[in-house]
Amino acid sequence: MAAANLLLEEDLLCPQCSGIYCLPVLLKCGHNICRVCLHKFWEWKGCRECPVCRTVCAPARPPINLALKIAADEYQLRGSSRDQDICFLHNEKLTLFCQNDEEPVCLVCQTSKQHKVHECCPVEEAAKQKKVEISTLLESVRKKLKTLNKTEEQWRETKTYIQTQAHQNEKAIKEEFQKLHQFLWEEEKTRLKLLKQEEEVKTQVMCEKLANIKDQIKRVTSIIRDMEAALRGKDLPFLQDYKKTKKRVKCSIREPECIRDILINTAKHLGTLKFGICESMSKIFKYVPITLDPNTAHPNLEFSEELTCVQYSRRQLLPDNPERCTSRLCVLGAAGFTSGRHTWTVQVGQSKDWYIGVARESVQRKTTVFLNPAEGFWVMGLCKGDSFWAETSPRTKLVLKLRPERITVVLDCDKGKVVFINAADMTTIHTFRDRFTEKIFPYISTGLYEEGKVSSPLTICPLTITLDVK
């Protein structure tokens, strides 16, 4: 305790962190530094030198200054045991607040070396000012807490939806594989039936052939037996029956028939079996050049036919994930393009409102924007069932001789073109020319319908599947 009384506050402050010493170590040069402060300084500096005088320290671990540690600990203990409104250094009332160190000080502290050049003000004035400051900060923290709580709720909903999605996808996958299994079972059943029919027909043929040849063997065997008996008989009876015997032995005996193509046609049943099944399966498969991404879709849109058909329907409870478009009734393709030429055809049918085309990846998805190239959209559409528009800026009215039911979209990323073609007569409806600087996605919108109404579907047309053999 005596050692702590002999030391001033300045003597107990670490020259590195300006705080009361914590495990002070004594360097070779005579300076004391908190051990943690020293190690941090050495890591930052990359060499072992004194933070005060830059003298290189000995390789050995510097010893703890035990006397200084005891004095600092007693000083801290003595300070913590006093009243909170009394300076534990000078035993004076804390009437001032140091703006630089942001701590209450007494009048003696203000004139000390540590606070002499600092800005100080009365405690009451500082408290009023700092309470306003903390209140402002607290309001910001409250807003952050509100945001965090809202985000937690959204993330909980997202977690639940992920599980729902996984269950739905699992169910859909099982249903599709069940169809494939059913197809394979039916294919197997048909092929086994054809094999069984061939077996029955050819077995029946062989049964008839065997019956005929048995009769022939029986007849020939009888002739041989009779001839052998005649040859063993007496000469006169033999000669008396000679003409009859000769006629009988010279009877025509047909050569056995050469039966061709009687074996099971194994080549037909097993040859290229897998290819034949694939060829049959290709008739039930559909391939579309693009697939729609339900994670980008407005909550009022629903999908069918393996995510190739979309229509307006009742609103669903879906998470408002960053990818989802909520400002417009639209959906983007699952895959984007940065190069090459890509083509797909959309069956618009008799829908009264629709927009199709492409959009860049960075389009605004949560706030309403104009459908024009400046906002990242290259689309055309039908409005209120009577007018076609190319969404330029300003938009361009399109005059068409025939109302298209299928429209082909041609995206050429390299040439910077988006072309809309009437698939019925292959006439060009409109062409956008631009420079694409980021990934471009197919865009489809069903337009706005009254609540409870269901729109006509917009469908990506499948392509013809062929199996090429080279």
Side-chain angles (χ1 to χ4, degrees), residues 1-138 140-141:
M1 185 68 101
N5 289 332
L6 293 174
L7 294 173
L8 298 177
E9 178 189 5
E10 293 83 352
D11 299 324
L12 299 177
L13 298 178
C14 172
Q16 184 67 10
C17 66
S18 300
I20 302 299
Y21 281 117
C22 177
L23 286 178
V25 294
L26 179 62
L27 302 180
K28 184 172 110 175
C29 58
H31 290 112
N32 293 286
I33 308 288
C34 291
R35 186 167 68 178
V36 174
C37 296
L38 180 63
H39 287 170
K40 286 183 178 179
F41 177 78
W42 283 353
E43 289 178 5
W44 171 79
K45 190 71 175 175
C47 62
R48 298 168 63 91
E49 63 178 31
C50 174
V52 180
C53 64
R54 300 297 188 262
T55 300
V56 178
C57 303
R61 180 183 298 178
I64 294 177
N65 190 333
L66 190 57
L68 186 58
K69 178 184 180 302
I70 293 173
D73 291 347
E74 289 181 353
Y75 190 80
Q76 293 271 37
L77 182 62
R78 184 157 50 91
S80 62
S81 63
R82 296 192 176 192
D83 295 337
Q84 290 185 352
D85 59 348
I86 301 297
C87 175
F88 64 85
L89 291 176
H90 308 107
N91 205 24
E92 295 288 337
K93 192 166 178 133
L94 299 171
T95 57
L96 300 173
F97 183 80
C98 176
Q99 298 284 10
N100 299 74
D101 291 339
E102 295 186 331
E103 62 181 9
V105 296
C106 67
L107 291 172
V108 179
C109 289
Q110 185 186 19
T111 59
S112 67
K113 178 182 177 181
Q114 184 180 357
H115 300 283
K116 189 173 183 180
V117 296
H118 291 178
E119 179 184 352
C120 298
C121 66
V123 168
E124 294 80 6
E125 179 182 333
K128 185 176 180 181
Q129 176 189 352
K130 296 303 179 184
K131 284 181 179 180
V132 172
E133 179 183 334
I134 294 300
S135 297
T136 304
L137 294 173
L138 183 60
S140 174
V141 173

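All residue numbers refer to positions in the sequence shown, counting from 1.
More than 12 heavy atoms of other residues, nucleotides or ligands shown are found within 6.0 angstrom of CZ on R54.
Atom-to-atom distance recorded for I86:CD1 and E92:CD is 8.0 Å, nearest 0.5 angstrom. With values rounded to the nearest 0.5 angstrom, I134 atom CD1 is found 11.0 Å from Q129 atom CD. Atoms CG and NE2, from L96 and H115 in turn, are 10.5 Å apart once rounded to the nearest 0.5 Å. Here the CG atom belonging to L26 is positioned 11.5 Å from the CG atom belonging to L66, to the nearest 0.5 angstrom. Rounding to the nearest 0.5 Å places CG of L107 at 4.0 Å from OG1 of T95.
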Acceptor/donor pairs from residues 12-20 side chains to any protein atom, 3.5 angstrom cut, sequence neighbours excluded:
none

Scan the side chains in residues 32-47 for donor-acceptor partners under 3.5 Å anywhere in the protein, sequence neighbours excluded, and list what turns up.
unit_1	atom_1	unit_2	atom_2	d
N32	OD1	N65	ND2	2.9
W42	NE1	E49	O	2.9

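Take N100 and apply the side chain to side chain contact (heavy atoms under 4.5 Å, CB included) test, not counting sequence neighbours, and it matches C98, H118, E119.
Nearest heavy-atom pair, F97 versus A126, reported as atom, atom and distance to 0.1 Å: CB-CB, 3.4 Å.
H31 places none of its side-chain heavy atoms less than 4.5 Å from the side chain of C57.
Of the charged side-chain nitrogens involved, at least one lies within less than 4.0 Å of a carboxylate oxygen, so that K130 and E133 count as a salt-bridged pair.
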